[in-house]
Every structure is written in structure tokens, then in C-alpha cells.
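Report on the structure given below.
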Amino acid sequence: MTEHVLLYLQLLKLTAIEDFVLKLVHDTIKSTSKSLTILVDCPETTQTAVWEEVQELLSILYVKAAKTTQEFRKPLLEVDVLFKDWCGYNVLLERNKSYDCWVASRKHEQILAYYNSQREEAGLDLVTIYSIPEEEAGIDIELTANSKKRYRPEEKHYPNVAVGGTFDHLHVGHKILLTMGAWLSEKRLICGVAGTEMLGKKEYANLVQSLDIRIEHVRKFLNRVKRGLVYEIVPIHDTYGPTSKDPDIQAIVVSKETLTGAYEINRERSKRDFEELEIKIIQVISKSSRALAKNELRNLQISSAQIREYLHSHPEKYPCTE
């Protein structure tokens with residue numbers, strides 16, 4: 001069992017997912033014990049990608065990861081999905097990030113070998129590379145519904161974007177939300193983290209992480225996902241947070257479950273003669289057969305409450321300082 005692993009995935013299109021790619025995710029999680037970084041190398045992330053395509057790919061990969069961690073009873077395994085040419089730094093040449101190994105398909109082994117040579121020139125430790133041969137059969141490229149559109153609208157970004165949530169025990173739903181917030185932002189992402197008084201009567205409230213820990217985990221994740229943006233991660237004590245005071249925010253990213261809150265924010269902004277925010281909605285449930293089907297949602301443990309329930313049943317796995 002390997003503790004910290006990076007899985008390199010090269011995709012020609014965001015909308016073309018091979019069965020073998022998902023098998024790689026599955027098999028790598030099976031043999032990983034602490035953290036998995038999925039590094040997506042796709043030219044469309046810097047060329048023609050649009051909101052729906054990026055969001056759907058994230059959902060497919062994170063949902064596959066969530067299903068697999070549930071299958072192997074690893075709910076605390078940390079999984080991050082990063083985009084190689086969009087994240088703002090070279091993940092494979094990080095000085096302060098230690099991986100026990102890199103994993104890729106056999107045909108991409110030489111790419112990782114090249115980056116190992118770059119590490120050697122920079123005086124960095126070499127990383128062990130494991131390659132997996134692709135199966136000759138069963139590789140079925142399936143395009144998502146969005147890929148069939150003939151018209152590709154121009155990608156629209158906003159200088160200042162807002163997101164908000166409790167962000168307790170950061171899970172895949174949080175990570176999709178935060179990544180898409182960063183994707184949408186050109187300069188600044190304002191992230192509101194709910195204060196203790198907003199948490200209400202949470203089940204297993206003693207296992208809710210402190211505000212400082214939740215803020216730090218959000219900051220750490222965002223700095224992995226995208227560098228070059230200004231991140232303002234602040235505690236909030238009501239539904240509105242900075243969105244009711246900052247007229248320069250143009251957009252907000254929400255989940256379907258928190259859409260009502262976004263409408264409330266826009267009503268409050270109208271009272272103050274601020275421009276209403278463009279509302280962008282995260283859809284974890286997708287039309288794609290590779291993503292999450294409605295009847296699977298209740299069985300897939302991706303909520304903070306379910307993580308707290310697991311920690312309650314396994315107290316030895318909860319270090320209070322993390």
C-alpha cells in the first residue's frame with residue numbers, strides 16, 4: 001500500500017473519457033492509503049473549454065473517486081483533481097510536495113520520465129514511476145451530452161467571484177464547487193466559510209472542524225488548484241457575507257441545494273443598488289452515464305455529515321489537530 005500517489009491522465013478532449021482512464025482511477029485508489037492527486041493534462045483547459053465541460057469532467061472524476069473510496073472503505077483518503085496547464089505551476093516539479101510514486105498508462109510513461117529528468121537537473125528527488133499497460137479491449141470513448149453541441153459559446157469569466165459554505169471535512173462536493181469558483185474567476189475569489197453560529201444543530205457537532213481549520217483547508221486546496229488568483233477566505237455570519245457589502249463582485253457559484261441563498265443575496269444587493277450577481281450552478285448529477293445518477297446520490301457518501309458519522313464510529317481515525 002502506497003501513501004501518497006500522483007496519477008497522470010492525458011486526455012485529448014475534456015468530453016472524451018476512456019473506460020481505461022476510470023479503471024486507472026479505481027486501481028490507483030485501491031493501492032493508495034493517504035492521498036491521491038489526479039493530474040489532468042488536456043489542451044482544452046487552455047483553449048476552448050467551457051463551464052459545462054470542465055464541471056462535468058470534474059464530476060466524473062470526483063464521483064468515480066468517491067465511489068471507489070466507498071468500495072474500499074477509505075472515506076478519509078484525500079483526492080484532489082488538478083489541471084496541468086491551468087493550475088499556474090508545474091505540479092510535477094513541486095519542491096515541497098512529496099509523492100511516493102507517479103502512475104500513468106504505459107503510453108505516457110515517457111512523459112513522466114521527462115519530468116523526472118527535469119527534477120534531477122533542478123536538484124530534486126526522483127520519483128518512482130509505475131506504468132500500467134492499456135487493455136486492448138474494452139476501451140470505449142464516450143462523449144458527454146455537452147460535446148455534441150455544434151455551437152460553442154465564448155467562455156465568460158468574471159474579475160471577482162464568490163462562493164460560500166461550511167466546508168467541514170472538505171469532500172468532493174466542496175472541491176468541485178471551489179475549483180469551478182476558481183475557474184470562473186479572473187482575479188479574485190471570495191470564499192465565505194460559515195461561522196459556528198451558522199452551523200445549527202449538526203449531528204455529531206463535536207466532530208465539526210473549527211472555523212480556523214476549515215479556513216486553512218480551503219486555502220490549502222485552492223492554492224493547489226489554481227495559483228495566481230487572490231483568495232479572500234473569510235468567516236461569514238449570515239447568508240450574505242461579503243456579497244452584501246462588496247459591489248465589485250460579479251458572480252457567485254452555488255450548488256443546486258443552496259440556490260435559494262443566491263436569490264436572497266441578489267435581493268439584498270438590489271436593495272443596496274448593487275448589480276445582481278450572475279448565478280452559476282454546480283450540477284453533480286449529470287446527464288452523462290459516467291457521472292452520478294439520481295438513484296445513486298443517497299448511497300454515495302460525499303457529505304460532511306456522513307464523514308462525521310464515520311469518524312464517530314472510528315474515533316481513532318480523527319486527529320483533533322488536523
Side-chain angles (χ1 to χ4, degrees), residues 1-9 17-40 55-83 91 97-104 130 132 165-180 203-204 207-209 213-214 217-218 220-221 224-225 255 282 284-286 288-319 322:
M1 188 71 67
T2 308
E3 291 189 349
H4 304 285
V5 178
L6 181 143
L7 172 60
Y8 174 83
L9 299 180
I17 308 298
E18 299 179 358
D19 284 338
F20 181 71
V21 167
L22 299 183
K23 186 177 185 300
L24 272 177
V25 173
H26 178 277
D27 292 352
T28 306
I29 288 176
K30 181 180 179 180
S31 58
T32 303
S33 63
K34 290 189 176 180
S35 73
L36 171 64
T37 298
I38 300 175
L39 184 62
V40 177
Q55 173 188 174
E56 182 147 8
L57 177 62
L58 281 174
S59 296
I60 290 171
L61 292 177
Y62 272 128
V63 166
K64 179 62 178 180
K67 289 179 178 179
T68 308
T69 55
Q70 182 175 339
E71 176 186 349
F72 293 113
R73 298 182 181 180
K74 299 179 179 182
L76 302 184
L77 179 68
E78 194 74 24
V79 180
D80 292 344
V81 177
L82 309 180
F83 292 114
V91 177
K97 181 65 177 179
S98 175
Y99 298 103
D100 297 310
C101 68
W102 292 339
V103 178
Y130 291 104
I132 301 174
T166 60
F167 301 110
D168 179 44
H169 297 286
L170 209 64
H171 56 66
V172 300
H174 295 141
K175 291 179 178 183
I176 296 171
L177 178 72
L178 291 168
T179 303
M180 294 311 299
E203 193 171 8
Y204 307 112
L207 294 175
V208 174
Q209 293 172 315
I213 288 176
R214 288 182 282 127
H217 285 182
V218 168
K220 180 181 176 181
F221 176 74
R224 289 210 77 202
V225 166
S255 65
I282 297 296
V284 177
I285 297 176
S286 171
S288 168
S289 63
R290 303 300 185 90
L292 190 61
K294 289 183 179 180
N295 59 357
E296 293 178 304
L297 184 60
R298 68 185 64 182
N299 297 321
L300 188 58
Q301 297 180 3
I302 59 172
S303 75
S304 299
Q306 288 166 322
I307 294 174
R308 291 196 301 272
E309 181 180 3
Y310 173 82
L311 292 173
H312 176 76
S313 303
H314 301 79
E316 74 283 358
K317 296 183 178 293
Y318 183 61
E322 292 186 4

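Residues Phe167 and Leu177 are in side-chain contact: their nearest non-hydrogen atoms beyond the backbone lie under 4.5 Å apart. Inter-residue side-chain proximity for Thr68 and Thr28 is flagged as unmet; no heavy-atom pair is nearer than 4.5 Å. Within the 4.5 Å cutoff, side-chain heavy atoms of Ile17 are placed close to those of Leu57. The shortest distance between side-chain heavy atoms of Ile38 and Tyr62 does not fall below 4.5 Å.
Residues satisfying the salt bridge (Lys or Arg N to Asp or Glu O under 4.0 Å) criterion with Asp100, sequence neighbours excluded, are absent altogether. Annotation: salt bridge (Lys or Arg N to Asp or Glu O under 4.0 Å) contacts of Glu71 (sequence neighbours excluded): none. Under the side chain to side chain contact (heavy atoms under 4.5 Å, CB included) criterion, Lys30 pairs with Phe72, not counting sequence neighbours. With sequence neighbours excluded, the residues satisfying salt bridge (Lys or Arg N to Asp or Glu O under 4.0 Å) with Lys34 are Glu3. Checked against ring-ring contact (aromatic ring centres under 6.0 Å, His included), Phe83 has no partners two or more places apart in sequence or in another chain. When the side chain to side chain donor-acceptor pair (under 3.5 Å) test is applied to Thr69, no partner is found at least two apart in sequence or on another chain. Residues meeting the ring-ring contact (aromatic ring centres under 6.0 Å, His included) test with Tyr130, sequence neighbours left out: none. Residues satisfying the ring-ring contact (aromatic ring centres under 6.0 Å, His included) test with His4, not counting sequence neighbours, are none. The side chain to side chain contact (heavy atoms under 4.5 Å, CB included) search around Leu24 returns Leu7, Leu9, Phe20, Ser105, Ile132, not counting sequence neighbours.
Between the CG atom of Leu77 and the CD atom of Gln70 there is a distance of 13.5 Å, given to the nearest 0.5 Å. To the nearest 0.5 angstrom, His26 atom NE2 is 11.0 Å from Lys67 atom NZ. Residue His174 holds its NE2 atom at 12.5 Å from OG1 of Thr179, rounded to the nearest 0.5 Å. The distance from atom NZ of Lys175 to atom CG of Asp80, rounded to the nearest 0.5 Å, is 4.0 Å. To the nearest 0.5 Å, atom CZ of residue Arg214 and atom CG of residue Leu170 are 11.0 Å apart.
For the pair Lys23 and Asp19, the salt-bridge criterion is not met [side-chain N within less than 4.0 Å of a carboxylate O].
His171 approaches Asp168 most closely through the heavy-atom pair CD2-O, 4.4 Å.
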